[in-house]
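A quick write-up on the structure given underneath.
Since the structure is predicted, the reported quantities are computational estimates derived from the model, not experimental observations. Every chain is numbered from 1, with letters handed out A, B, ... down the list of sequences.
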Protein chains: 2
Amino acid sequence: MSPQSAPQAPLSLETVFAPVRSQTAFEETVDRLGTAIKLGLLPAGERLPAERELCQKLGIARSTLRQALTALGQSGYLHAVRGRGGGTFVVDEPPRGADRSELSPTDWREICDERLAVEVGVAVLAVSRATEAQLRVLDELVVGLDDCIEDYPAYRQADVRFHVGLAELTGSSRLVVAMTQCQGRMSDLIHHIAHPPEVLAHSNAQHARLLAAIRANDVGAAVSTMTEHLQGTEHILAGLLPG
Amino acid sequence: MSPQSAPQAPLSLETVFAPVRSQTAFEETVDRLGTAIKLGLLPAGERLPAERELCQKLGIARSTLRQALTALGQSGYLHAVRGRGGGTFVVDEPPRGADRSELSPTDWREICDERLAVEVGVAVLAVSRATEAQLRVLDELVVGLDDCIEDYPAYRQADVRFHVGLAELTGSSRLVVAMTQCQGRMSDLIHHIAHPPEVLAHSNAQHARLLAAIRANDVGAAVSTMTEHLQGTEHILAGLLPG
DNA sequence: CCATAAAGGTCTGATCGTCCGTCCTCTGGC
DNA sequence: GCCAGAGGACGGACGATCAGACCTTTATGG
């Protein structure tokens, strides 16, 4: 009856009948490697495993892998070196260019919601599982972050490493994957907005408080610190994006 | 050097080069519908949309959809009725039979970790977003759950509806999907273990306390109640499964 | 009683992604 | 100068998927 023919079914049924979107192996590979590069998980200059080895790890044919590598090469993320001792390398200066955009209001909110779930879940698990050694590594990352509050791209890369590092200390690879994907989506979202040093400094202070809460085995503090931390970016997005 | 040739790379790199596992449209459809039926999201006797309509919603060809429907029919979950007024229906008594098993120790722990993330994240968001009307629906579900603590299959179905209902009131379809998948995996895990009425009663009391915490806008209580709730099943699994 | 509509059931041809294997080309080191 | 290790290129086979036309069943209404 409504002019917009609003979906009446409950969310759960909507999702059951939502489009089945199966990525091809090619697409998924481009996505996986591309995200890893953009996030800095594969640092500039890094050499990928040899094609014949990598295609086995990825469980795909070499020709399919090459399609993906070629695509990433054309986009300027990889360059191949032939001959013995060659290989495929992450380019030294990955393109900063605009990558994607066009997010609907519901999209970006859902992305933030999913991130909140993953980050809070990781924080809860980290409290009971983190070892002192692991925490010290993250301590250093926080120190490093303080040094680049004037250089956003560098800050963002270290920020990603910090959050992925949190996920790593849960020991759950599924959560690491989830965290990586969330960070990739967040990067797409926040790529174009301003990041004044004061904001980054404040954000990094929350990193430090988070680590303290984890050390103190204080689940409540960890959750609330993380929640605040995430709401920071969310408020900025709410002011800038549609919705 | 170790005899097991342990993976030395950090988790995040392992996951970047982990196998690309792209399900086919057929597989994903069987999975989607099969899970929805097993979880009770598509209740017994429910009629699915007509094939010509459903394949559009799912974004796949009708022939592919039919493969999936045929497979689910042969597994005893669906039956088709020809002629006008016919359709494809969820069977009245879906097979209880053993479905899957063979989970490695790392697998089931990671499944529980992911569930914890989703459930805790949902709980946090629910605190700020739940409306009284939505909460009352969940209240009734809790009452209904109390009535079937003697009948585990019925309890489990209502339990799933409760948890998916929590996800629904965040308004985020991504979280609904994540919750659904987690519940599906959990069902596979806990299908075969004992569920004495006392345990179910205790579990349902936690549901009630969770709703109270959400009503009171008490994030801390919601998180801790949810955490306890999940640890209940996790401890049982730890006693029964390898690892 | 027959026509029609609405549903599932069947078939076929084309396309596309992927795999596998083979061979070529380049390049540094022994 | 040979060889090993790397990327690069090609072609055939196969399977999944798609699009569409057509058939069969069945309830309903004129």
Considering heavy-atom distances to DNA chain D, does B:Arg62 or A:Ala50 have its closest nucleotide positioned more toward the 5' end? A:Ala50

To the nearest 0.5 Å, how far apart are NE2 in B:His79 and CG in B:Asp92? 6.0 Å

Give, for atom CD1 of A:Ile60 and atom OG1 of A:Thr29, the distance between the pair rounded to the nearest 0.5 Å. 3.5 Å

Spacing between [X] atom [atom1] and [N] atom [atom2], to the nearest angstrom:
X: A:Leu72; N: D:dG7; atom1: CG; atom2: C1'; answer: 16 Å
X: A:Leu48; N: D:dG5; atom1: CG; atom2: C1'; answer: 16 Å
X: B:Gln67; N: C:dG9; atom1: CD; atom2: P; answer: 14 Å
X: A:Leu54; N: D:dG7; atom1: CG; atom2: C1'; answer: 13 Å
X: A:Glu51; N: C:dC24; atom1: CD; atom2: P; answer: 18 Å
X: B:Leu65; N: D:dG20; atom1: CG; atom2: C1'; answer: 16 Å
X: A:Gln23; N: C:dC16; atom1: CD; atom2: C1'; answer: 17 Å
X: B:Glu27; N: D:dA16; atom1: CD; atom2: C1'; answer: 10 Å

The single option from A:Glu119, A:Lys38, A:Arg115 passing side-chain hydrogen bond (donor to acceptor under 3.5 Å, both in side chains) against A:Gln183: A:Glu119

Does [X] have a side-chain nitrogen or oxygen under 4.0 Å from the phosphate oxygens OP1 or OP2 of [N]?
X: A:Thr88; N: D:dG7; result: yes
X: B:Thr64; N: D:dA16; result: no
X: A:Arg47; N: D:dA6; result: yes
X: A:Arg66; N: D:dG8; result: yes

Is the CD atom of A:Gln134 crowded by more than 12 outside heavy atoms at less than 6.0 Å? yes

When all nucleic acid strands are considered with a 4.0 Å heavy-atom cut-off, which category describes A:Leu69: base, sugar-phosphate, or nothing? nothing

Counting C-beta onward and ignoring hydrogens, is there a side-chain heavy-atom pair between [X] and [Y] closer than 4.5 Å?
X: A:Ile190; Y: A:His195; answer: yes
X: A:Glu234; Y: A:Trp108; answer: yes
X: B:Arg185; Y: B:Leu189; answer: no
X: A:Gln181; Y: A:Val118; answer: no

Between B:Glu114 and A:Ser172, does any side-chain donor sit less than 3.5 Å from a side-chain acceptor? no

Pairs of donor and acceptor atoms involving the side chains of residues 64-73 of chain A, under 3.5 Å and at least two apart or interchain, shall be tabulated with distances.
| residue | atom | partner | partner atom | Å |
| --- | --- | --- | --- | --- |
| A:Arg66 | NE | A:Glu51 | OE1 | 3.1 |
| A:Arg66 | NE | A:Glu51 | OE2 | 3.4 |
| A:Thr70 | OG1 | A:Arg66 | O | 2.7 |

Among D:dG7, D:dT17, C:dC19, which nucleotide sits nearest the side chain of A:Ser63? C:dC19

Any residue in residues 78-85 of chain B with a heavy atom nearer than 4.0 angstrom to DNA chain D? Just list them by number, or reply none. B:Arg82, B:Gly83, B:Arg84

Compute the angle between the rotation axes at the two ends of the helix from C:dC1-D:dG30 to C:dC30-D:dG1, each taken over five pairs, rounded to 10 degrees. 0°

Need to verify one output field. Residue with the more 5' nearest nucleotide on DNA chain C, A:Thr24 or A:Arg52? A:Thr24

